[in-house]
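Beneath this line is the structure, given in structure tokens, with notes to follow.
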2 protein chains.
Amino acid sequence: MESNSSQNVLFQKIVAFTAAVHEVTHELTSGVKNEDVTPAQYKILEYMMLSQPVTPSEIADCVGLSLPNTSRELRKLLEKKLCEKAVDHSDRRRQLFRLSEDGQAMMNRIFAQVQKGFEQRIAGLSNQELTELEAAITLLQQTVFRQ
Amino acid sequence: MESNSSQNVLFQKIVAFTAAVHEVTHELTSGVKNEDVTPAQYKILEYMMLSQPVTPSEIADCVGLSLPNTSRELRKLLEKKLCEKAVDHSDRRRQLFRLSEDGQAMMNRIFAQVQKGFEQRIAGLSNQELTELEAAITLLQQTVFRQ
DNA sequence: CCTTTTGGTTATCAAAAGATAAGTAAAAGG
DNA sequence: CCTTTTACTTATCTTTTGATAACCAAAAGG
């Protein structure tokens, strides 16, 4: 069937694409290992950059860790003073985590470096092309990579 | 500066997008853990799916492992009979790895499941939209996520 | 030839991540 | 009230991953 085989081609493209995304982000976040955080801890901090404050359950869900392991990594981040903890007064079982000042500073440092890497990759694109790029990201995020 | 702040917005979008790609691929490849391979081993097998045969050096480069650790994981995959090894006769230092029949079958099984997951995500898109999707992937891969 | 470089392997150790059991405290629901 | 559920923590053990040193054999290059 025609639509089936073209779907296969599209699928192959998606697989190759996701592999490329993984490889490029791995390369660009390689500066993280200069900082004193493990990859799992970085993922947690990155998630906090996008959404604050967050509970351990939310982190576990979105980062793909079990709740006990999330709790352990959060404790380590607290020990490193990269995040802060507070109880949710409307439900005192819930713990609210946010980046500390140090954590913010560290993530800003890392993000600045990652941003530099991305900017090198899109340097030389015209405004028209940048607009198309943004539209492409929006489209993919609304279809294939929606949550 | 206008172009600078719009670049920041684009960067934020890229960060959120890459996080979404990681999360979705993690979710869709969750069936991998029914099979007897670790995440690192899966990455190697996935790379072999896209390009065969491959040498340990190529794998190390593309998958982001050190050569000794790549060699270790390849040995484990050989023990599991998921790949095969042969010397390159034109340069007998080089070792050529490819998927075994079992490995092919396993990856086909996993890919079929992943493909099903992706197809659910793009079900209901018109042919026009699918074409746009493919164009969007091509654009991103040629700019931001090129290697 | 002989040295150096390249491609790969083996071994070993430490760190990180995954899994699971058992526990605490607050909230929800009869 | 009393029980159950939810949210989280602690502890422990195993597996996986990362890093490094030492090694071998083939090729490259004088």
Side-chain angles (χ1 to χ4, degrees), chain A residues 22-23 26-27 29-48 51 53-80 82-98, chain B residues 22-23 26-27 29-48 51 53-80 82-98:
Chain A
H22 279 90
E23 203 175 320
H26 179 268
E27 186 190 325
T29 58
S30 63
V32 171
K33 58 180 176 297
N34 299 330
E35 312 280 350
D36 181 28
V37 283
T38 69
Q41 287 163 15
Y42 176 73
K43 277 176 96 176
I44 293 176
L45 295 175
E46 189 185 74
Y47 180 56
M48 284 184 191
S51 152
V54 284
T55 67
S57 304
E58 289 165 344
I59 296 171
D61 270 0
C62 292
V63 175
L65 285 170
S66 70
L67 200 48
N69 291 336
T70 302
S71 187
R72 175 184 58 198
E73 298 310 318
L74 283 170
R75 182 175 46 72
K76 289 178 186 171
L77 289 173
L78 284 171
E79 285 165 2
K80 292 175 189 172
L82 293 173
C83 69
E84 289 166 352
K85 182 184 183 177
V87 294
D88 179 348
H89 290 298
S90 74
D91 179 347
R92 283 161 48 209
R93 289 170 304 183
R94 284 161 49 93
Q95 305 294 319
L96 302 175
F97 286 83
R98 45 168 51 83
Chain B
H22 279 90
E23 204 174 321
H26 179 267
E27 186 190 325
T29 59
S30 64
V32 172
K33 57 180 178 297
N34 298 330
E35 312 280 351
D36 180 30
V37 283
T38 68
Q41 286 162 16
Y42 176 72
K43 278 175 95 176
I44 292 176
L45 295 174
E46 189 185 73
Y47 181 55
M48 285 184 191
S51 153
V54 284
T55 66
S57 305
E58 288 166 345
I59 297 171
D61 270 0
C62 291
V63 175
L65 284 169
S66 69
L67 199 49
N69 292 336
T70 301
S71 185
R72 175 183 60 199
E73 298 310 318
L74 283 170
R75 181 175 47 73
K76 290 179 186 169
L77 289 172
L78 284 172
E79 285 165 3
K80 292 174 188 171
L82 294 172
C83 69
E84 289 166 351
K85 182 185 182 176
V87 293
D88 178 349
H89 291 298
S90 73
D91 179 346
R92 282 160 50 209
R93 289 169 304 181
R94 284 160 50 93
Q95 304 295 319
L96 301 176
F97 286 84
R98 45 169 49 83

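Chain naming here is simple, since letters A, B, ... match the order of the sequence lines and numbering starts at 1 in each.
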I'd like to check [X] versus [Y] (side-chain heavy atoms, cut-off strictly below 4.5 Å). Are they in contact?
X        : Y        : answer
Gln41(B) : Lys76(B) : yes
Glu58(A) : Tyr47(A) : yes
His22(A) : Lys43(B) : no

If I take atom [atom1] in residue [X] and atom [atom2] in nucleotide [N], what distance separates them, rounded to the nearest angstrom?
X        : N       : atom1 : atom2 : result
Leu67(A) : dA22(C) : CG    : P     : 18 Å
Lys76(A) : dG18(C) : NZ    : P     : 11 Å
Tyr42(A) : dA16(C) : OH    : C1'   : 18 Å
Asp36(B) : dT15(D) : CG    : P     : 12 Å
Gln41(A) : dA15(C) : CD    : C1'   : 11 Å
Glu73(A) : dA15(C) : CD    : P     : 14 Å
His89(B) : dA27(D) : NE2   : C1'   : 16 Å
Gln95(A) : dT6(D)  : CD    : C1'   : 13 Å

Tell me whether the OP1 or OP2 atom of dA17(C) has a side-chain N or O from Thr38(A) closer than 4.0 Å.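 Checking Thr38(A) against dA17(C): at least one side-chain N or O falls below 4.0 Å of OP1 or OP2.
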Within the structure, does a side-chain N or O atom of Lys85(B) lie under 4.0 Å from either OP1 or OP2 of dT9(C)? yes
Contact class for [X] (heavy atom, under 4.0 Å): base, sugar-phosphate, or nothing?
X        : value
Asp91(B) : sugar-phosphate
Lys43(B) : nothing
Pro39(A) : sugar-phosphate
Thr70(A) : nothing
Lys33(B) : nothing

What's the separation between atom OG in Ser71(B) and atom CD in Gln95(B), rounded to the nearest 0.5 Å?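 Taking OG in Ser71(B) and CD in Gln95(B), the distance rounds to 9.0 Å.
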Could you report the tightest heavy-atom contact between Cys83(A) and Leu78(A), atom names first, then the distance?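 Taking Cys83(A) first and Leu78(A) second, the nearest heavy atoms are O-CD2, 3.2 Å.
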What nucleotide, of [options], holds the atom closest to the side chain of [X]?
X        : options                   : result
Arg72(B) : dT9(D), dG18(D), dT5(D)   : dG18(D)
Arg93(A) : dT20(D), dT9(D), dA7(D)   : dA7(D)
Arg92(A) : dT17(D), dT10(C), dA26(C) : dA26(C)

Closest to the 5' end of DNA chain C, once Asn69(B) and Pro56(B) are matched to their nearest nucleotides, is Pro56(B)
